[in-house]
Amino acid sequence: MSGAAKILVVGPLGVGKTTLIGTVSEIEPLSTEASMTRAGVRVDPYAGDSGKKTTTVALDFGRLTIDGDLVLYLFGTPGQQRFLPAWRDLAKGALGALALVDSRDLAASFDALDNLEDLDLPFAVAVNVFPAGPRYDADDIRTALDLLPGTPLVTCDARDRSSSIRALIALARHLIHVATESS
């Protein structure tokens with residue numbers, strides 16, 4: 001497979017979108033991080049626990065080449081619903097999305113997943129592993145998130161390059177499958 005693909009990395013505030021893009025990007029990633037305000041800390045219950053001091057206010061951007069032929073242009077979306085208009089603009093031209101999920105708060109992912117479904121954008125779900133986060137069976141996560149049977153579900157550690165690349169490869173395989181089925 002060769003070519004280029006625009007891919008969104010979506011999820012709630014603090015799930016690891018910026019971290020994942022920074023971990024896998026072969027270029028210096030573009031990041032629009034701003035200091036967390038008191039309002040942001042109230043929205044992100046883990047900000048104080050993790051030492052999180054910044055949040056994405058526009059987008060993150062990185063690039064990853066897979067097998068020397070396929071270039072993924074990664075666009076990370078802001079996690080707060082108030083940035084939904086920017087989120088929808090970023091989705092234009094995207095082939096699919098990797099939806100990051102935090103097992104400590106599965107319900108926080110509902111908005112991002114709903115947005116992907118509204119846009120009819122194919123996606124894979126990656127449960128980002130946090131050190132103190134609970135571990136759930138894949139079937140329980142599928143049920144909690146109401147995922148369709150064909151939606152890929154993987155675990156990853158956004159801080160680990162190979163783990164994050166495996167999640168993106170699962171998405172790429174899903175996109176190829178979706179494209180093959182529709183033709």
Side-chain angles (χ1 to χ4, degrees), residues 5-34 36 40-41 43-66 70-80 83 87 90-91 94 96-113 115-116 121-136 138 141-142 144-145 147 151-175:
K6 179 179 181 180
I7 301 296
L8 297 185
V9 178
V10 305
L13 180 69
V15 76
K17 300 176 298 289
T18 300
T19 300
L20 184 136
I21 290 173
T23 298
V24 302
S25 184
E26 62 202 17
I27 62 171
E28 182 68 31
L30 168 68
S31 183
T32 57
E33 293 287 293
M36 290 281 283
V41 170
V43 173
D44 182 3
Y46 305 107
D49 298 342
S50 66
K52 182 174 173 63
K53 304 273 188 244
T54 61
T55 188
T56 301
V57 295
L59 66 106
D60 295 311
F61 174 78
R63 183 185 74 208
L64 173 65
T65 304
I66 298 176
L70 176 62
V71 178
L72 301 181
Y73 293 103
L74 306 171
F75 289 80
T77 62
Q80 301 97 321
F83 293 119
W87 200 97
L90 286 173
L98 182 66
L100 283 180
V101 170
D102 183 343
S103 64
R104 300 172 299 180
D105 187 3
L106 293 174
S109 300
F110 293 163
D111 286 339
L113 296 175
N115 291 338
L116 291 172
L121 197 61
F123 63 92
V125 174
V127 179
N128 191 14
V129 178
F130 286 88
R135 305 290 191 260
Y136 297 109
I141 292 173
R142 280 188 176 286
L145 297 176
L147 297 178
T151 303
L153 175 64
V154 298
T155 59
C156 79
D157 181 340
R159 301 164 301 171
D160 180 76
R161 181 174 171 78
S162 61
S163 176
S164 297
I165 288 173
R166 281 192 301 274
L168 289 164
I169 289 172
L171 170 63
R173 286 185 178 137
H174 178 60
L175 294 176

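Values below: every heavy atom of this structure, side chains too, minus hydrogens, waters and symmetry copies. Model, not experiment: these values are computed from the prediction. For this chain, numbers begin at 1 and follow the sequence in order.
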Tightest non-hydrogen contact, residues P134 and R104, listed as CD-CG, 3.8 Å
G96 and L171: which non-hydrogen atoms are nearest, and at how many Å? C-CD2, 4.5 Å
Go through it in stages, so that I can follow the logic: the residues are V24 and L168, the test is side-chain contact (heavy atoms from CB on, under 4.5 Å), and I'd like the CA-CA distance, side-chain angles, deciding distance and then a yes or no. CA-CA 10 Å; V24 302; L168 289 164; 4.0 Å; yes
Full working for side-chain contact (heavy atoms from CB on, under 4.5 Å) between L153 and V101: CA-CA 10 Å; L153 175 64; V101 170; over 6 Å; no
Could you measure the distance from the CG atom of L8 to the CG atom of L74? Nearest 0.5 Å is fine. 9.5 Å
Nearest 0.5 Å, what's the NE2-CD1 distance between H174 and I169? 15.5 Å
Can you tell me how far OG1 of T19 sits from CG of N128, rounded to the nearest 0.5 angstrom? 7.5 Å
Compare every heavy atom of D60 with every heavy atom of K17, then report the nearest pair and how far apart it is. C-OD2, 4.4 Å
Quick check against the 3.5 Å criterion: does R142 have a side-chain atom that pairs as donor or acceptor with the backbone of T151? yes
Can you tell me if S103 uses its side chain to pair, donor with acceptor, with the backbone of R135 under 3.5 Å? no
Verify, without hydrogens or angle tests, whether K6 (side chain) and F75 (backbone) share a donor-acceptor contact under 3.5 angstrom. no
To the closest 0.5 Å, what do you measure between CZ (F123) and CG (L147)? 6.0 Å
Scanning both residues in full, the closest heavy-atom pair of C156 with S163 reads CA-OG, 3.1 Å
Rounded distance (nearest 0.5 Å) linking atom CG of L98 with atom CD1 of I7: 8.5 Å
Nearest heavy-atom pair of G76 and L90: which atoms, and what distance? O-CD1, 4.0 Å
Smallest heavy-atom separation, S109 atom then P12 atom, equals OG-CD, 3.8 Å
How would you list, by chain and number, every residue that makes a side-chain hydrogen bond (donor to acceptor under 3.5 Å, both in side chains) with D157, sequence neighbours excluded? R159
Enter the distance from I27:CD1 to L64:CG here, rounded to the nearest 0.5 Å. 10.5 Å
Give a yes or no answer on whether the side chain of R63 reaches the backbone of S25 with a donor-acceptor pair at less than 3.5 Å. no
